[in-house]
Each structure stands twice: as C-alpha cells, then as structure tokens.
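Below is one structure, written out as structure tokens, with a few remarks after it.
This structure is a prediction, so every number in the text was calculated from the model and none was measured. Order of listing sets the numbers, starting from 1, for every ligand and every atom in it. Just so it is clear, the values below take in all heavy atoms, side chains as well, and ignore hydrogens, waters and symmetry mates.
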Amino acid sequence: MTATRPVPDVPTRPVLRNDYQRSVATYWNNEKDPVNLRLGDVDGLYHHHYGIGDYDPAVLGGPEEAIIAEMHRLETAQADVLLDHLGDIPPNGRLMDGGSGRGGTSFMANQRFGCQVDGVTISEAQVAFANDQARQRGVDDQVRFHFRNMLDTGFETGSMNGIWTNETTMYVDLDDLYGEFARLIPFGGRYVCVTGCYNDVTGGRSKAVSQIDQHYTCNIHPRSKYFEALAANHFVPINVVDLTAATIPYWELRAKSSVATGIEDPFLTAYREGSFHYLLIAADRI
Ligand code: GPP
Ligand code: MG
C-alpha cells in the first residue's frame with residue numbers, strides 16, 4: 001500500500017530568514033496607505049505597482065474621486081500589459097505571482113486565463129487581505145495566497161506554467177530568485193518581470209534612486225544584473241520593453257493628487273534624468 005502524505009500549506013523552513021526580510025514584512029504588514037487603499041476601493045482590485053499610459057487631463061478640473069479613478073485605471077493598464085506578455089496560458093494551467101501584495105494582478109490573471117493562481121508574499125497581513133478578497137470574489141478555489149518566501153516557495157518542481165513579479169524584485173537577490181523560478185517553471189514556460197532598475201550607462205546609484213530605496217527599504221538593482229541573473233538561470237528574454245516614458249504621466253498625475261506620498265519627485269527626477277528605467281522583461285525558460 002502506498003501512503004500519501006498530506007501537503008502542508010507551510011514550507012518546512014522558516015519563511016523569514018533574516019532581519020532584513022523581517023523588516024520588509026513589518027513594513028508591508030503595517031502599510032495602509034490611501035494611495036493604495038483608495039485606488040483599490042474603486043473596483044476591488046488592490047494593486048501594489050505603478051501605472052502606465054496617458055491620463056485624461058479633464059480629471060484635473062474634476063472631483064478628487066476622478067483623479068483617484070484615473071490613477072487606478074493606469075495601474076490596471078500596467079497589469080494588463082504585464083499579463084499580455086505571459087502568452088497563452090490554458091485554463092488548466094497554473095501561475096505564480098511572486099510578491100503578490102493585496103492580490104490585484106493575481107485576480108486579473110485568473111479572470112483572463114481562468115487558471116489557478118498562487119500568490120506568495122512574506123506579509124501575513126497581505127495574505128489575509130488577499131485571501132479575503134478571493135472569497136468575496138468567489139474565486140478562492142482558484143486563486144490562493146500563501147505566506148511564503150519567493151526565494152524558497154516550497155512548491156513542487158516544474159509546477160508553474162508561468163511566473164511574474166510586478167515590482168518586487170528590488171527586495172531580493174536576483175540569483176537566488178531566478179534559481180528558484182528556474183526550478184518552478186519547466187522548459188518552455190514564461191517569466192515576466194516589471195521592475196524599476198538603475199542605468200549602468202549613467203553610472204552608479206543616483207541620489208534619486210537612493211531616495212526610492214530608502215523610502216521602500218529596498219535595493220534597486222542595475223539593469224545589467226537582470227540579464228546576468230536571467231542568463232545564469234536558464235531564462236532567455238523574448239521581449240524587453242522600456243516603459244519609462246509611459247509611466248511618467250502616472251507620476252505627474254500622482255504628484256498633483258491628494259494621495260501623493262512624497263516619493264513622486266524622486267521618481268520623476270530619476271526617470272527624467274535617465275538614471276532609472278521602468279522595464280518589462282519577458283523571458284522563456286530554456
Ligand atoms: C510598491 O507599490 C512598489 C514597490 C514598493 C517597489 C518599488 C518599486 C520600484 C519600481 C522601485 P505600492 O503601490 O505599494 O507603492 P505606493 O504605496 O508608493 O503606491
Ligand atoms: Mg501604490
């Protein structure tokens with residue numbers, strides 16, 4: 001007789017490995033910023049990423065709600081572009097969201113592909129929030145959020161058709177991350193990354209980039225590091241899209257909004273001076 005062992009929903013090793021990870025988890029466990037919650041309240045998709053595309057200038061003369069709704073529309077448009085790059089995912093497929101936040105992009109992926117989505121985050125508050133959203137949306141049998149570390153997920157080898165990270169890679173070592181993703185995605189699967197990275201061509205970390213790091217307790221990587229770490233871990237880029245010009249209007253609108261957080265000027269400076277890019281990378285696992 002073959003004994004089947006239950007698969008626990010917690011990895012066997014501790015999720016938080018060091019003081020840095022604990023400090024990041026604490027930040028996100030306590031985060032309740034209107035720039036995220038008020039935008040999410042518009043339609044129940046709570047994002048933790050920025051927007052792309054032009055805003056409608058008419059919102060500037062209108063009520064505050066119109067600006068909030070417009071910023072939310074641009075953030076949702078960003079997630080749509082990310083998902084466009086995942087390619088065809090069958091309804092019986094499975095995707096992973098590395099650093100899933102309050103779940104916005106995961107719900108959009110499930111809506112689009114009808115497939116199973118597993119989000120992982122080291123914030124227990126985000127796991128609880130996003131699983132509650134899944135229940136409210138009636139998709140908790142398909143979209144699940146886990147208190148796990150994307151560097152060591154505990155998911156089965158080869159179990160994911162695709163993985164994305166939507167502005168989360170600045171919190172981790174890229175070699176560790178892509179080593180784990182190479183384990184999870186079988187040959188031919190797709191990885192999509194949207195990130196902010198600094199520009200090797202203009203030199204080291206600019207003052208504005210350092211201010212962004214300081215604001216979020218993160219460690220923005222140079223552009224070169226992404227391609228090095230992907231290549232070293234069996235990922236070959238098929239598309240690289242510089243979204244910098246497309247994200248500037250979002251930051252201009254955000255700077256004028258009532259929910260500005262103070263990080264708008266460093267982003268605008270970094271993008272305009274060319275020391276920082278907003279980049280999408282889609283890569284195949286070979
Ligand atoms: C957060 O989105 C994104 C990050 C913390 C990573 C930093 C991103 C870079 C591109 C450098 P958020 O929606 O939680 O941030 P905010 O609260 O500022 O809207
Ligand atoms: Mg936000």
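Classified by interplanar angle (parallel below 30°, tilted 30° to 60°, perpendicular above 60°), the ring pair His221/Tyr226 is perpendicular.
With hydrogens left out, the protein atom closest to atom 9 (C) of ligand 1 is Met170 CE, 3.5 Å, a heavy atom. Among protein heavy atoms, the minimum distance from atom 7 (C) of ligand 1 is reached at Tyr50 OH, 3.7 Å. Ranking the protein heavy atoms by distance from atom 18 (O) of ligand 1 puts Tyr216 OH, 2.5 Å first. The shortest contact between atom 1 (C) of ligand 1 and any protein heavy atom is with His48 O, 3.7 Å.
Each of the following atoms of ligand 1 lies closer than 4.0 Å to a heavy atom of Tyr171: 5 (C). Counting atoms of ligand 1 from 1 in the listed order, those under 4.0 Å from a heavy atom of His49 are 2 (O), 13 (O). Less than 4.0 angstrom separates some heavy atom of Val35 from each of these atoms of ligand 1: 16 (P), 17 (O), 19 (O). Near Gly196, with a cut-off below 4.0 Å to any heavy atom, the atoms of ligand 1 are 10 (C).
Look at Asp33 and you'll find every heavy atom at least 4.0 Å from all atoms of ligand 1. Residue contact check for ligand 1: Arg102 places no non-hydrogen atom closer than 4.0 Å to it.
At a 4.0 Å heavy-atom cut-off, ligand 1 does not touch Tyr46 at all. For Thr168, no heavy-atom contact with ligand 1 is shorter than 4.0 Å.
Between Trp28 and ligand 1, no N or O atom pair is found at a separation short of 3.5 Å. Checked by distance only, ligand 1 and Asn36 come closer than 3.5 Å through their nitrogen or oxygen atoms. Taking any N or O of Glu31, backbone or side chain, none lies under 3.5 Å from an N or O belonging to ligand 1. Some N or O of Arg254 is nearer than 3.5 Å to an N or O of ligand 1, by distance alone.
Checked against the 6.0 Å centroid criterion, the rings of Tyr191 and Trp164 do not qualify as a close aromatic pair. Ring centroid separation for the pair Trp28 and His48 comes in under the 6.0 Å cut-off.
With a 6.0 Å radius and a threshold of 12 heavy atoms from other residues, nucleotides or ligands, Ile238 has its CD1 atom at or below the threshold.
In this structure, a donor-acceptor pair under 3.5 Å is absent between the side chains of Ser275 and Arg205. Neither side chain, Arg148 nor Thr153, offers a donor N or O lying under 3.5 Å from an acceptor on the other. Residues Glu75 and Tyr250 have side chains that bring a donor and an acceptor to within less than 3.5 angstrom of each other.
In summary, Asp19 and Arg22 engage in a salt bridge, as defined by a charged side-chain N under 4.0 Å from a carboxylate O.
The Mg ion (ligand 2) has no N, O or S atom of Tyr50 inside 2.8 Å of it.
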- Message: Under the criterion side-chain hydrogen bond (donor to acceptor under 3.5 Å, both in side chains), I'd like the reasoning laid out for Asn199 against Arg223: C-alpha separation, chi angles, the key distance, then a yes or no.
- Response: CA-CA 6 Å; Asn199 187 0; Arg223 174 158 43 114; 2.8 Å; yes
- Task: Apply side-chain hydrogen bond (donor to acceptor under 3.5 Å, both in side chains) to the pair Glu167 and Thr195, showing each step before the final yes or no.
- Result: CA-CA 5 Å; Glu167 298 181 17; Thr195 191; over 6 Å; no
- Check the pair Asn166 / Gln78 against side-chain hydrogen bond (donor to acceptor under 3.5 Å, both in side chains), numbers first and verdict last. CA-CA 9 Å; Asn166 200 350; Gln78 187 265 28; 2.8 Å; yes
